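Below: the structure, in structure tokens.
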Amino acid sequence: MRILLLGPPGAGKGTQAKLLKEKLSIPHISTGQIFRKEMADKTELGLFAKQFIDKGELVPDQIVVDIVRERLGHDDCNEGFILDGFPRTETQAVELDALLTEMNLKLQAVINISIPEEVLVHRLSDRFTCKECDAIYNEKVDKCIKCGGDIYTRADDSPQVVRERLQVYNNRTQPILNYYARQNRLQEVNGNQTVEEVLQEIMKIITKH
Ligand code: AP5
Ligand code: MG
């Protein structure tokens, strides 16, 4: 199963992707998580990406596309994958389609998790993240319960950067919903429900395939 999860920052893409990964036994590919790992390891890519991420801006398209191209080539993607946070611009959406055509593959579900902006701001101000495995907590814990990693507040979860991320989302990412809708590929899920209810809506869409 090849699934694309779209939605604004804080919509619950990561939360749902982690649950789907367990249910479907396919990898969760989050470009944001890939960059956070590179930043934590202080690699050249991480240091470059940090300049954009900490300000709430997007990392340049070609860099992200190259990362996804490389990642989708791994054997663990043979049975499918969940893409979270990619594509984020029309260029990325077009490049992804070209890449999948090259691989003779098609996305089976393109799902947009929609949610009112005031809920997003509230959710992101309450989020703590594991440095090692990107697990999410809604209250401060000393260490990650899953892997023992250190817990931190993402630099891009400060109220000022969240506002910038929402603006970038509205200007650059929301338009790609039309790209998929025009081709009748977009399915909507209400993200303003409990985690379990959102998962059920997503599963209903997926099991139709
Ligand atoms: P990325 O990591 O992708 O961040 P994002 O899209 O801004 O989304 P978030 O991770 O903040 O939110 P989410 O939808 O995953 O929500 P979550 O499940 O955590 O990207 C970070 C940065 O990297 C970008 O800004 C950009 O700079 C760069 N980047 C990444 N990809 C790129 C690309 N393709 N091109 C260019 N640049 C790129 O949930 C949020 C909170 O809500 C959590 O606390 C969670 O517990 C809670 N929550 C979730 N669901 C529910 C629910 N149903 N009810 C109540 N609470 C809930
Ligand atoms: Mg996320």
Side-chain angles (χ1 to χ4, degrees), residues 4-21 28-40 45-46 48-69 71 82-96 99 111-130 133-141 151-174 176 189-202:
L4 192 65
L5 291 183
L6 299 167
K13 303 181 295 296
T15 301
Q16 295 299 328
K18 285 176 186 127
L19 296 169
L20 291 169
K21 172 187 165 170
H28 164 205
I29 302 174
S30 154
T31 42
Q33 181 176 357
I34 292 171
F35 287 130
R36 280 188 288 282
K37 174 84 176 76
E38 296 283 334
M39 291 194 294
L45 172 63
F48 179 76
K50 188 171 164 46
Q51 306 169 69
F52 301 92
I53 293 176
D54 283 0
K55 286 192 276 192
E57 293 168 6
L58 296 182
V59 177
D61 285 335
Q62 204 49 56
I63 289 177
V64 194
V65 170
D66 287 347
I67 287 172
V68 172
R69 171 186 290 275
R71 183 64 186 86
I82 308 149
L83 277 175
D84 154 18
F86 177 91
R88 256 181 156 91
T89 62
E90 186 148 341
T91 303
Q92 292 180 18
V94 171
E95 291 273 358
L96 175 63
L99 175 59
I111 296 171
N112 180 45
I113 306 178
S114 56
I115 190 150
E117 201 158 302
E118 62 276 12
V119 180
L120 303 175
V121 175
H122 179 71
R123 280 189 186 177
L124 294 175
S125 66
D126 261 0
R127 177 170 64 176
F128 300 93
T129 306
C130 172
C133 73
D134 223 49
I136 297 164
Y137 296 93
N138 295 113
E139 52 193 40
K140 188 99 177 74
V141 288
I151 302 295
Y152 77 125
T153 300
R154 277 171 49 176
D156 61 345
D157 277 350
S158 71
Q160 194 190 345
V161 181
V162 166
R163 274 195 296 276
E164 177 63 23
R165 283 162 64 197
L166 288 172
Q167 207 167 4
V168 168
Y169 171 79
N170 289 331
N171 294 337
R172 309 275 314 273
T173 307
Q174 205 178 19
I176 72 171
V189 162
N190 172 13
N192 198 11
Q193 316 179 71
T194 65
V195 170
E196 192 48 46
E197 285 165 340
V198 178
L199 181 64
Q200 271 174 22
E201 270 201 40
I202 294 177

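Keep in mind it's a predicted model, so treat the numbers as computed, not measured. Whatever order the structure lists them in is the order used to number ligands and atoms, beginning at 1.
- Note on residues 82-91: pairs passing side chain to side chain donor-acceptor pair (under 3.5 Å), not counting sequence neighbours, are H28-D84, D61-T89.
- Residues with a heavy atom under 4.0 Å from ligand 1: P8, P9, G10, A11, G12, K13, G14, T15, T31, G32, R36, I53, E57, L58, V59, V64, G85, F86, R88, Q92, R123, L124, R127, I136, N138, R154, D156, R165, G191, Q193, T194, V195.
- I115 has its side chain within reach of R123: a pair of non-hydrogen atoms, C-beta onward, lies under 4.5 Å apart.
- Partners of R154 under the salt bridge (Lys or Arg N to Asp or Glu O under 4.0 Å) rule, at least two apart in sequence or in another chain, are D156.
- Applying the side chain to side chain contact (heavy atoms under 4.5 Å, CB included) test to L19 and every residue at least two apart in sequence or in another chain returns Q16, V195, L199.
- Atom CZ of R172 sits in a sparse spot, with 12 or fewer heavy atoms from other residues, nucleotides or ligands closer than 6.0 Å.
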*Could you check L5 against L20 for side-chain contact (heavy atoms from CB on, under 4.5 Å), going step by step and ending with a plain yes or no?*
CA-CA 11 Å; L5 291 183; L20 291 169; 4.3 Å; yes

